[in-house]
Chemist: 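Dropping the structure in here first, questions after.
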Amino acid sequence: MRTLRGEFTERVLDLVEQIPPGKVLSYGEVAAILEQGFGRAVGTVLAREGAAVPWWRVVRKDGTITEQLVQRAVEHWAVEGTPHSPEGRVDMAAALWNGPYPT
DNA sequence: CTCTTGACGCCGG
DNA sequence: TCCGGCGCCAAGA
């Protein structure tokens, strides 16, 4: 159960849940779409409560993810068909999501 | 309130 | 390409 949390945390989790399978968003993109905070802050939120959402759909801008999670992430990417290299780097050009409000 | 930590991003060397 | 340094913000101690 999720107890009351900051508004920023709520928005980050809501957006991450909207990312379609097979697609990804960078930490910085999440902050940009919300028009609040920066990648660093998004990472802080996911580190604390990311377990409740598809956290593997949020990666660094270069398509990599922290070493501590790359193994688990690759498994999810394989199941969802997210384009990625065997080393654990998502092909951003092909997997980047347009966002909830495609212009 | 201040200080530290962290699943980031950009620029240099 | 691989570091190292610095700035960014949110949350916790």
Side-chain angles (χ1 to χ4, degrees):
Chain A
M1 282 294 285
R2 300 188 300 186
T3 47
L4 186 61
R5 299 187 290 339
E7 195 175 306
F8 181 70
T9 296
E10 284 289 330
R11 296 211 230 173
V12 169
L13 298 181
D14 285 341
L15 178 57
V16 174
E17 292 180 326
Q18 295 176 57
I19 304 174
K23 289 294 181 179
V24 301
L25 222 46
S26 71
Y27 295 92
E29 278 288 278
V30 171
I33 291 171
L34 296 177
E35 296 185 291
Q36 184 179 353
F38 272 65
R40 190 97 205 173
V42 173
T44 297
V45 169
L46 291 183
R48 273 181 48 65
E49 309 191 43
V53 297
W55 54 264
W56 55 91
R57 294 176 194 160
V58 182
V59 299
R60 293 187 182 123
K61 199 167 187 184
D62 67 358
T64 64
I65 192 167
T66 187
E67 184 60 37
Q68 185 176 17
L69 300 167
V70 63
Q71 198 150 356
R72 283 192 284 163
V74 169
E75 293 175 41
H76 285 288
W77 296 336
V79 174
E80 298 185 355
T82 307
H84 67 285
S85 70
E87 332 115 40
R89 175 178 163 293
V90 175
D91 180 349
M92 297 306 276
L96 187 60
W97 184 36
N98 302 285
Y101 332 108
T103 48

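Owing to the predicted nature of the structure, the values given are computational and were not obtained by experimental measurement. Quick note on labels: first sequence line is chain A, next is B, and so on, each numbered from 1.
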Chemist: Rounding to a whole Å, what distance do you find between A:E29:CD and C:dC9:C1'?
Modeler: 17 Å
Chemist: I need the CZ-P distance between A:F38 and B:dC10, as an integer number of Å.
Modeler: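 Answer to the nearest Å: 10 Å.
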Chemist: For A:H84 and A:W77, take the angle between the two ring planes, folded into 0 to 90°, and tell me which bin it lands in: parallel under 30, tilted 30 to 60, perpendicular over 60.
Modeler: tilted
Chemist: Shortest non-hydrogen contact from A:W55 to A:G50?
Modeler: CD1-O, 3.4 Å
Chemist: For the pair made of CD in A:E49 and C1' in B:dA7, what is the distance, rounded to whole Å?
Modeler: 14 Å
Chemist: For the residue pair A:W56 and A:V24, what are the closest heavy atoms and their distance?
Modeler: O-CG1, 4.4 Å
Chemist: What is the distance from CG of A:D62 to C1' of B:dG9, rounded to the nearest Å?
Modeler: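 It works out to 10 Å between those atoms.
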Chemist: When you measure from the side chain of A:W55, which nucleotide among C:dC9, C:dA11, B:dA7 comes out closest?
Modeler: B:dA7
Chemist: Can you tell me if A:R60 touches the phosphate of B:dG9, counting only side-chain N or O atoms and a distance under 4.0 Å to OP1 or OP2?
Modeler: no
Chemist: Between C:dA10, B:dC10, B:dG6, which nucleotide has the shortest distance from any of its atoms to the side chain of A:K61?
Modeler: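 Nearest nucleotide to the side chain: B:dC10.
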Chemist: What integer distance in Å separates A:L13:CG from B:dA7:P?
Modeler: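 These atoms are roughly 15 Å apart.
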Chemist: Across the strands shown, which category fits A:Y27 at heavy-atom distances under 4.0 angstrom: base, sugar-phosphate, nothing?
Modeler: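 A:Y27: base contact, heavy atoms under 4.0 Å.
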Chemist: Classify the nucleic acid contact of A:L69 as base, sugar-phosphate or nothing, counting any heavy atom under 4.0 Å across all strands shown.
Modeler: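 The answer is base, as A:L69 lies within the cut-off (heavy atoms under 4.0 Å) of a base atom.
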Chemist: If you look at every heavy atom in A:P83 and A:A95, which pair is closest and at what distance?
Modeler: CG-CB, 3.7 Å
Chemist: Expressed in angstrom and rounded to an integer, what is the separation of A:Q36 atom CD from C:dA10 atom P?
Modeler: 6 Å
Chemist: Measure CD/A:E10 against P/C:dA11 and give the value in whole Å, please.
Modeler: 11 Å
Chemist: Considering all heavy atoms of both residues, which atom of A:K61 and which atom of A:M92 are nearest to each other, and what is their separation?
Modeler: O-CG, 3.6 Å
Chemist: Does A:T9 make a side-chain N or O approach to OP1 or OP2 of C:dA11 shorter than 4.0 Å?
Modeler: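 So the side-chain polar atoms of A:T9 do come within 4.0 Å of the phosphate oxygens OP1 or OP2 of C:dA11, strictly under.
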Chemist: Atom CD of A:E7 to atom P of C:dA10: distance rounded to whole Å?
Modeler: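 From A:E7 CD to C:dA10 P: 11 Å.
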